[in-house]
Amino acid sequence: MIRNNIKSDFPIFSYWESRGKPLIYLDSAATTQKPLRVISTLEEYYSQFNANVHRGTYELSQIATDIYEEARSKAAHFINAPQPESIIFTRNATESLNLIAYAWGLNSLKEGDEVILSEMEHHSNLVPWHIIARHTGAVLKFIRMNGDYLLDLESLKKNLTRKTKAVSVVHVSNVLGTINPVKEITALAHEAGAISIVDGAQSAPHIPVDVQDIGCDFYAFSGHKMCGPTGIGALYGRYDILEKMEPFLGGGEMINEVFPTTSNYAKPPYTFAAGTPNISGAIGLKAAIDYLEEIGLKDIEEYEMSLGDYAAHRLAEVEGIHIFRPHTTGTGVISFTIDNVHPHDISTILDSEGIAIRAGHHCAQPLMRKLQVQSTARASFYLYNDKSDVEALASALEKSVSIFSPRRINVVK
Amino acid sequence: MIRNNIKSDFPIFSYWESRGKPLIYLDSAATTQKPLRVISTLEEYYSQFNANVHRGTYELSQIATDIYEEARSKAAHFINAPQPESIIFTRNATESLNLIAYAWGLNSLKEGDEVILSEMEHHSNLVPWHIIARHTGAVLKFIRMNGDYLLDLESLKKNLTRKTKAVSVVHVSNVLGTINPVKEITALAHEAGAISIVDGAQSAPHIPVDVQDIGCDFYAFSGHKMCGPTGIGALYGRYDILEKMEPFLGGGEMINEVFPTTSNYAKPPYTFAAGTPNISGAIGLKAAIDYLEEIGLKDIEEYEMSLGDYAAHRLAEVEGIHIFRPHTTGTGVISFTIDNVHPHDISTILDSEGIAIRAGHHCAQPLMRKLQVQSTARASFYLYNDKSDVEALASALEKSVSIFSPRRINVVK
Amino acid sequence: MSLSDLFTEIIIDHYQHPHNHGLIPSPTHSSRGYNESCGDDIQVSLIVEDNVVKDAKFSGAGCSISQASASIMTDLVKGKSLDEIKELSQKFYEMVKGENGEPGEEMGDAVVLQGVAKFPVRVKCATLAWHTLEEAIKK
Amino acid sequence: MSLSDLFTEIIIDHYQHPHNHGLIPSPTHSSRGYNESCGDDIQVSLIVEDNVVKDAKFSGAGCSISQASASIMTDLVKGKSLDEIKELSQKFYEMVKGENGEPGEEMGDAVVLQGVAKFPVRVKCATLAWHTLEEAIKK
Ligand SMILES: Cc1ncc(COP(=O)(O)O)c(C=O)c1O
Ligand SMILES: Cc1ncc(COP(=O)(O)O)c(C=O)c1O
């Protein structure tokens with residue numbers, strides 16, 4: 001169960017409340033708000049323990065290193081990675097996916113090799129592959145989506161060949177809320193001799209994740225989408241694959257020996273850690289994970305699912321609405337359009353009521369084309385939202401409809 | 001002039017003071033401490049204005065975007081870049097240098113092309129070029145260092161040929177404190193038709209920097225070395241070069257249109273901004289620049305130079321010491337060795353007195369070999385240090401000598 | 001900020017019943033404008049003779065503000081010289097950003113977009129058609 | 001944490017006058033160990049016969065702790081079987097990390113490195129020689 005007073009853990013809500021403009025924040029799929037505990041952790045770190053990590057030969061630096069490495073262990077434990085050394089800290093899920101594309105793809109893919117993605121990918125799991133495909137001559141293929149916004153595993157099976165080297169799929173869609181069967185997808189990929197990559201940007205914050213159970217070789221996520229600070233993300237990689245990979249960025253920390261024109265590298269995860277890392281970011285991420293784990297990911301998942309279902313039902317009453325959400329496995333993400341009211345206009349009308357939603361292509365242009373829309377409005381719920389937020393959303397949507405009704409009776413007041 | 005009570009701007013010093021273990025922090029070349037203003041800015045951001053940037057269609061996101069873009073303008077102004085759009089936010093100087101190596105180098109360099117570095121580079125300006133040289137067949141050459149720890153421009157002139165495509169040099173050495181004549185180096189590079197890249201990790205925090213006066217095409221720096229948060233750095237690039245460059249990381253934000261297998265890209269700086277950026281990091285960096293500019297970079301430079309000179313003189317009295325610092329143009333970085341006392345042991349002895357210095361190769365192994373040492377001890381001063389810190393350092397070094405004196409008279413107590 | 005400043009009767013009317021909607025079959029000038037952040041996509045086509053706009057049309061899809069702005073703009077520029085249009089577009093940008101006080105007579109119906117100044121996130125929507133027009137006549 | 005726990009007379013003496021310093025010309029086993037963070041670099045060479053270490057030497061450069069540890073270690077392992085050495089090295093790691101209470105008799109002179117446990121940043125220095133030895137006998 002989610003505590004009733006959970007909103008009070010997040011200072012931003014009381015700040016806007018106290019200014020007489022309560023914030024109804026329904027854009028958590030873009031980035032989440034931060035609990036006081038995470039904010040205080042950053043403050044504490046900089047006021048007490050700030051020092052560079054790993055290279056230090058004094059106590060303060062050892063303290064900083066210890067808490068930084070604890071954050072790595074915490075992140076490993078959070079997704080049930082077999083060891084802390086299989087966690088690489090990055091800026092965000094996007095950098096995690098680029099790291100795979102560059103360090104694995106650029107060095108392993110050859111002309112004609114195939115990488116399979118899906119029709120519901122975020123740009124972050126598309127554009128890196130466009131770049132690597134251009135450099136290597138690899139070919140991209142796509143798992144199709146069916147009419148209920150679910151991936152069609154038959155189309156995956158058809159696409160898998162001996163040329164398939166990787167299958168990279170989003171775990172939870174940031175537009176549809178679909179939870180994809182990544183365990184099955186991984187099994188199919190492995191059967192075909194391909195590696196399996198999971199974009200976990202929208203799963204890590206919302207549902208319990210177990211990378212060993214999924215069996216995937218890589219799993220990427222972002223801290224800022226799960227109550228953590230901006231600028232920190234992580235990549236889980238199967239350790240034996242990481243060991244065989246070339247490095248990505250070069251610089252301090254990731255080396256063993258450096259000569260003028262050559263160098264050899266440290267062991268993973270350090271192979272992939274060039275330069276001073278986002279130390280406070282990692283420590284803030286640990287605080288966020290502590291916070292989420294105390295509440296319980298299972299409880300968060302259930303709470304969000306039921307809030308999402310409630311919202312889908314309530315919003316269905318709005319005149320002219322179209323909701324893009326599977327009948328099963330939906331999470332707290334609801335994308336929709338309303339006849340005669342453009343998503344951007346919806347967003348502005350909602351904003352004037354203190355409701356923050358997103359309008360646009362949600363970094364998923366190919367999916368928008370598939371849905372045959374230019375853009376959608378999207379409300380995304382998190383643990384600090386409740387039914388009253390859904391009510392506020394629904395009535396503001398009704399107001400939008402009335403403002404844009406083809407035969408307006410009332411003048412906008 | 002630097003205020004006498006400047007230490008009180010930095011909470012970490014009062015924290016350790018109040019615990020009876022005053023901190024004498026002489027490792028600012030690794031990372032600096034943070035003033036309260038920067039710490040509070042982070043807190044304020046997360047408690048009041050946190051939202052994702054650029055894509056938002058509501059007020060909160062517009063506020064976040066505005067302050068994020070103000071940070072870019074501030075960073076541009078700080079190094080006198082001609083326009084905010086020539087500033088790309090990165091994680092740190094290392095990522096900035098890798099961005100050039102990958103996005104410029106991987107796409108522009110051909111077999112036999114030459115890149116000139118120097119004998120005093122940090123690994124962050126070596127290893128990325130090793131990686132790119134391996135991919136492209138480009139050749140690396142080196143500007144030699146003379147006996148006074150200065151770069152020998154004659155050796156640059158000799159190395160410059162029609163094959164030279166880039167000259168990439170550290171502005172201020174993190175080991176020697178040498179300030180390199182990057183304006184002259186840039187002029188020579190341009191004369192030969194090569195681009196000029198400056199690693200400003202140790203100059204931006206300590207001396208006034210004017211990229212237009214230097215004339216360089218790229219300039220890289222890190223926020224955490226100049227009172228800012230970890231996880232944020234910047235790359236200045238000449239706009240017309242940025243416009244011609246391929247992107248580096250792919251993902252949300254850096255695109256214009258995305259199709260399943262191809263994409264086209266946003267204009268710089270956004271071409272190089274994939275995924276959710278370190279928003280709080282950028283805003284914290286702005287607060288740090290505000291702080292440094294109020295004090296004045298010219299004043300900081302003078303203060304550090306005179307403190308560095310004072311320290312060099314005072315330390316020269318220590319028995320068996322060897323200081324690696326040019327007779328001219330030294331900054332607040334002092335590297336040294338002491339006969340019969342290993343740098344690591346020095347560091348431990350100093351640590352027991354609350355003095356934090358660094359011992360090791362300082363991510364400059366080729367320079368260590370050139371200096372014919374395995375490692376050095378390094379004290380690096382910043383605006384919050386003063387002469388009393390130098391005194392404490394000198395007497396702790398004298399203690400180190402006595403502990404390791406070949407014929408010890410006193411037993412260590 | 002009040003919604004009624006933005007979604008005025010006239011704007012909603014232009015959005016629902018846009019003027020000059022469509023493509024000119026053989027335009028002398030045309031350009032496509034795209035607002036990546038909200039997906040608004042506009043094609044402006046013109047017939048320019050002796051430096052004067054004889055005909056102007058737009059097509060594409062987008063929000064009420066971008067569509068109404070395009071509809072009003074295409075009305076406004078017909079019969080104007082390219083120089084007049086350049087001046088007008090600058091004044092339009094100033095108006096929707098809330099710069100330089102009250103807009104003048106020459107803005108015509110476009111004054112209904114004044115309210116955009118109070119909605120910074122919508123400025124891009126209002127200016128898209130004008131930027132696209134400028135691109136078209138630059139060619 | 002007191003410095004005198006770390007820089008004992010015996011350690012400084014081993015550092016300044018290391019035992020078994022040098023290279024064995026034709027070793028049966030050898031390995032190089034490198035501690036990237038402080039640059040310590042050690043070469044361990046051995047003569048092993050019938051699973052017993054007959055001779056052990058080390059060369060290289062490093063801090064007092066790494067050198068003294070190597071000096072003491074090479075004294076200690078001579079005459080010991082490879083199995084005994086494996087056990088000993090585990091006990092040594094435990095000791096310098098402050099695990100598992102007081103070290104036993106078998107540690108010999110190496111007990112002077114007990115103080116390292118109070119200086120976590122120096123543990124790597126103390127263990128470098130032992131890790132290198134383990135690498136050598138693994139081959
Ligand atoms: C000269 C120089 N260049 C580059 C770097 C790399 O900086 P960062 O670790 O912040 O990427 C450093 C800092 O260690 C440095 O001193
Ligand atoms: C499914 C998915 N993948 C990747 C990303 C990229 O995350 P970030 O911007 O934190 O790199 C996002 C977030 O927008 C997402 O929703």
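Quick note on labels: first sequence line is chain A, next is B, and so on, each numbered from 1. Basis for what follows: all heavy atoms, side chains included, without hydrogens, waters or symmetry-related copies. Computed from a predicted model, the values in this text were never measured in an experiment.
- Heavy-atom pairs under 4.5 Å with chain A were tallied for B:L126, B:I232, B:I357; the largest tally goes to B:I357.
- Side-chain atoms of A:S263 and B:H130 include a donor-acceptor pair closer than 3.5 Å.
- Ranked by heavy-atom pairs shorter than 4.5 Å toward chain B, the options A:M254, A:K141, A:E253, A:H135 are led by A:H135.
- Counting heavy-atom pairs under 4.5 Å between each of A:L140, A:I255, A:D27, A:T261 and chain B puts A:T261 at the top.
- For A:L249, the parts sitting under 4.5 Å from any heavy atom of chain B are the backbone and the side chain alike.
- Using a 4.5 Å heavy-atom cutoff, the side chains of B:L106 and A:L106 are in contact.
- Of the atoms belonging to B:F10, not a single heavy atom falls under 4.5 Å from chain A.
- The interface of residues 114-125 of chain A with chain B, defined by heavy-atom distances below 4.5 Å, comprises A:H122, A:H123, A:S124.
- At least one side-chain heavy atom of A:L350 sits under 4.5 Å from a side-chain heavy atom of A:I346.
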* To do: Give the intermediate values and the outcome of side-chain hydrogen bond (donor to acceptor under 3.5 Å, both in side chains) for residues A:T31 and A:H224.
  => CA-CA 6 Å; A:T31 198; A:H224 71 97; 2.7 Å; yes
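- Proximity to chain A (any heavy atom under 4.5 Å) is restricted, for B:I39, to the side chain, taken from C-beta onward.
- For the set B:P247, B:G252, B:A93, B:A201, the count of heavy-atom pairs under 4.5 angstrom toward chain A peaks at B:G252.
- Between B:Y68 and B:H54, the ring planes are perpendicular. Angles over 60° get that label, and only those under 30° would be called parallel.
- Each of B:F13, B:W129, B:F49 has some count of heavy-atom pairs under 4.5 Å with chain A, and the biggest count is that of B:F49.
- At distances below 3.5 Å, not a single donor-acceptor pair connects side-chain atoms of A:T262 with backbone N or O atoms of A:V258.
- For A:L97, no part sits under 4.5 Å from any heavy atom of chain B, backbone or side chain.
- Contact annotation for A:F259: both backbone and side-chain heavy atoms come within less than 4.5 Å of a heavy atom of chain B.
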* To do: Mind running side-chain hydrogen bond (donor to acceptor under 3.5 Å, both in side chains) on B:T57 and A:H344 for me, showing each step along the way?
  => CA-CA 7 Å; B:T57 45; A:H344 213 165; 5.1 Å; no
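- Most heavy-atom pairs under 4.5 Å with chain B: of the set A:V139, A:N98, A:N107, this distinction falls to A:N98.
- Interface remark: A:Y102 contributes side-chain atoms only to the contact with chain B (heavy atom separation under 4.5 Å).
- A:S280 is linked by a side-chain contact (heavy atoms from CB on, under 4.5 Å) to A:L42, A:Y45, A:Y46, A:N278, B:T230, counting only residues two or more places apart in sequence or in another chain.
- Using a 4.0 Å cut-off between a side-chain N of Lys or Arg and a carboxylate O of Asp or Glu, B:E43 and A:K34 do not qualify as a salt bridge.
- If you measure heavy-atom distances from B:A133 to chain A, you find no contacts under 4.5 Å at all.
- Within the 4.5 angstrom heavy-atom criterion, no atom of A:K370 approaches chain B.
- Contact of A:A30 with chain B is made through backbone and side chain together, with heavy-atom distances under 4.5 Å.
- Comparing A:L23, A:I355, A:L36, A:N50 by how many heavy-atom pairs each has under 4.5 Å with chain B, the most go to A:N50.
- Using a 4.5 Å cut-off on side-chain heavy atoms (C-beta onward), A:K21 and B:E59 make contact.
- Residues B:H362 and B:T376 bring a donor and an acceptor atom of their side chains to less than 3.5 Å of each other.
- The residue among A:C363, A:A364, A:A356 with the most heavy atom pairs within less than 4.5 Å of chain B is A:A356.
- The part of A:P277 that comes within reach of chain B is its backbone (N, CA, C, O), which places non-hydrogen atoms under 4.5 angstrom from that chain.
- In terms of heavy-atom pairs under 4.5 Å with chain A, the best-connected choice from B:P11, B:P366, B:G275 is B:P366.
- Chain B forms more heavy-atom pairs under 4.5 Å with one residue of A:G360, A:S14, A:G354, A:P260 than with any other, namely A:P260.
- Heavy-atom pairs under 4.5 Å with chain A peak, among B:E246, B:H361, B:K225, at B:E246.
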* Please assess A:T90 against A:S96 for the test side-chain hydrogen bond (donor to acceptor under 3.5 Å, both in side chains), listing each intermediate value before the final yes or no. => CA-CA 6 Å; A:T90 60; A:S96 299; 2.8 Å; yes
* Where do A:N92 and B:T276 land on the side-chain hydrogen bond (donor to acceptor under 3.5 Å, both in side chains) test, with the steps shown first? -> CA-CA 7 Å; A:N92 48 29; B:T276 305; 5.5 Å; no
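- In this structure, no portion of A:M368 lies under 4.5 Å from any heavy atom of chain B.
- Annotation for A:R144: atom CZ does not count as buried by contact number, only 12 or fewer foreign heavy atoms lying within 6.0 Å.
- Taking the side chain as every heavy atom from C-beta outward, B:E353 and B:I24 never approach each other to under 4.5 Å.
- Side-chain atoms of A:L60 and B:W16, non-hydrogen and from C-beta on, do get closer than 4.5 Å to each other.
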* After noting the C-alpha distance and the side-chain angles of B:F272 and B:F248, does the key distance pass the ring pair (Phe, Tyr, Trp, His ring centres under 6.0 Å) rule? -> CA-CA 6 Å; B:F272 305 100; B:F248 176 37; 8.4 Å; no
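- Neither the backbone nor the side chain of A:R19 comes within contact range of chain B; no heavy atom of the residue lies under 4.5 Å from a heavy atom of that chain.
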